[in-house]
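Residue numbers start at 1 and run along the sequence shown. All ligand and atom numbering here is 1-based and tracks the order in the structure.
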Amino acid sequence: MADIDAMIEQLDVILKAAVDAFAAAGDREALQQLRVRYLGKKGALTEVLKGVGKLSPEDRPVIGQHVNRTKAALAESLEQREIELAEKAKTARIEAEKADITLPGRKKTGGALHPVQLGLDEITAVFAQMGFVVAEGPEIEDEFHNFDALNIPPEHPARAMHDTFFLKDLQTNDEQPMLLRTHTSPVQIRAMKRFLAEGGEPPLAVVAPGRVYRCDYDVTHSPMFHQVEVFKVDRKVSMAHLKGVLKHFLSTYFEKDVAIRLRPHYFPFTEPSAEVDIGCVFCAGKGCRICKGSGWIEVLGSGMIHPNVLKSVGIDAQEFSGFAFGLGVERLVMLKQGIPDLRLFFENDVRFLRRMGASR
Ligand code: PHE
């Protein structure tokens, strides 16, 4: 007969050893192995149970109770340790992922629109608010739209004055050489033709922003620059309308009441034509270096659309008249922002671009 007391003692030893081992287990895998060792099918408790058959029938239930109690104690201790380990792992993870909120942040540099683009948008918006419709035309033009239709016939000296980039390899079907448009005035022709083709009848009021090209480069000239063309065709349009629109636009753009002056000039596509000066925005007309002491600064070319131009698109010049003007965007932005050199726009110095881009 086996000794029940020895068996009970053995159970206590197992329990104690197991509890110590659980406490020493450093992670869940180690704990899992201990579960097998103590509670598994071939574990220490099973080993003890094998001896039960050798006990007397009265002792068997007694040892059964002990085994169950030990089993329960083991299971509880194991579970306790599992919770502890899970807690420990969580704390370790939080520790590892902790961010040092005292570190300085990483600054993102935001993009900004180019000052010329800002100017284009701003200028176009003033006219759009007055009801002018925005139109665009191609930068690669033919001679018809850039010159002929604008009353500049082939032998006209104005053609030579335009410093045109011709695209010798590109020709239209009727052998006209293509070119980079020298001004936005061809959009007058294209917009009027499109409008009429769609069955429109004047009034027609258009603002056409875009890139233009001239073979020229110095402090005040760049081979590529931007213009905004503005025109209106209707019955009884006069110079008074032209001047009113100009005055409103320039005062809105410069955010102050600017004086304007129309000086007689010549453009083939307008008659009469006028160059438009504004009272110098730097010296308020007193005379300074920028306005060369005159108190006036030239800002754009304008006039009443020449009857030949209206005729070239099929508008009756007896019934309708129109005004037109074209302004240089870079020039206006330079005057408004006090930028001394045109080339700054195209050198892509980020310090300049950042300052001007953010200045709005
Ligand atoms: N197209 C002219 C230029 O580029 C400007 C202009 C436009 C003048 C419309 C009169 C009317 O210089």
Side-chain angles (χ1 to χ4, degrees), residues 116 120 123-124 127 132 135-139 141-153 156-165 179-192 204-216 220-234 237-246 249-250 260-278 297-313 315 317 320-332 342:
V116 172
L120 267 172
I123 292 164
T124 307
F127 293 109
F132 288 80
E136 283 182 314
E139 289 169 30
E141 262 298 2
D142 52 40
E143 289 193 293
F144 174 77
H145 290 91
N146 198 79
F147 294 125
D148 300 74
L150 289 165
N151 198 34
I152 314 175
H156 199 287
R159 280 210 189 192
M161 281 160 56
H162 269 231
D163 304 308
T164 312
F165 285 109
L179 47 84
L180 295 178
R181 67 178 178 193
T182 56
H183 51 178
T184 42
S185 297
V187 187
Q188 286 186 36
I189 307 300
R190 291 189 178 275
M192 284 194 273
L204 167 62
V206 172
V207 54
R211 247 174 240 130
V212 299
Y213 303 83
R214 285 181 204 175
C215 192
D216 210 348
T220 50
H221 296 91
S222 146
M224 186 280 295
F225 60 104
H226 299 77
Q227 285 190 336
V228 173
E229 189 85 9
V230 179
F231 72 94
K232 172 164 183 168
V233 178
D234 198 359
V237 173
S238 74
M239 291 288 274
H241 298 116
L242 168 66
K243 195 169 179 185
V245 168
L246 284 172
F249 161 66
L250 291 165
I260 69 169
R261 168 173 96 169
L262 272 64
R263 240 179 327 103
H265 194 72
Y266 171 76
F267 294 107
F269 31 89
T270 44
E271 182 57 37
S273 303
E275 280 199 318
V276 179
D277 298 339
I278 56 169
I297 299 179
E298 183 206 320
V299 291
L300 56 91
S302 71
M304 300 305 294
I305 299 177
H306 197 289
N308 287 351
V309 174
L310 295 176
K311 273 180 221 154
S312 79
V313 296
I315 290 181
F320 297 104
S321 57
F323 67 73
F325 55 92
L327 54 88
V329 175
E330 281 81 355
R331 183 162 173 74
L332 281 187
L342 176 76

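- With ring centers used as reference points, F267 lies 6.0 Å or more from H183.
- By the 4.5 Å heavy-atom criterion applied to side chains, V237 and F320 are not counted as neighbours.
- The shortest N or O to N or O distance between Q188 and ligand 1 is not under 3.5 Å.
- H145 and R190 are linked by a side-chain donor-acceptor pair at a separation below 3.5 angstrom, with hydrogens and angles left out of the test.
- Between atom 12 (O) of ligand 1 and the options H183, R214, E229, the minimum heavy-atom separation is to R214.
- At least one side-chain heavy atom of F249 sits less than 4.5 Å from a side-chain heavy atom of L332.
- Within the listing of ligand 1, atoms 3 (C), 4 (O) sit less than 4.0 angstrom from a heavy atom of Q227.
- For F325, every heavy-atom contact with ligand 1 shorter than 4.0 Å involves the backbone, none the side chain.
- Near S185, with a cut-off below 4.0 Å to any heavy atom, the atoms of ligand 1 are 1 (N), 7 (C).
- Side-chain atoms of V309 and M192, non-hydrogen and from C-beta on, do get closer than 4.5 Å to each other.
- Residue-environment remark: CD (E136) stays at or below the threshold of 12 foreign heavy atoms within 6.0 Å.
- For F231, the heavy-atom gap to ligand 1 stays at 4.0 angstrom or more.
- Residue contact check: G326 has heavy atoms under 4.0 Å from atoms 6 (C), 7 (C), 9 (C) of ligand 1.
- If you number the atoms of ligand 1 from 1 as listed, the ones under 4.0 Å from a heavy atom of A324 come out as 9 (C), 11 (C).
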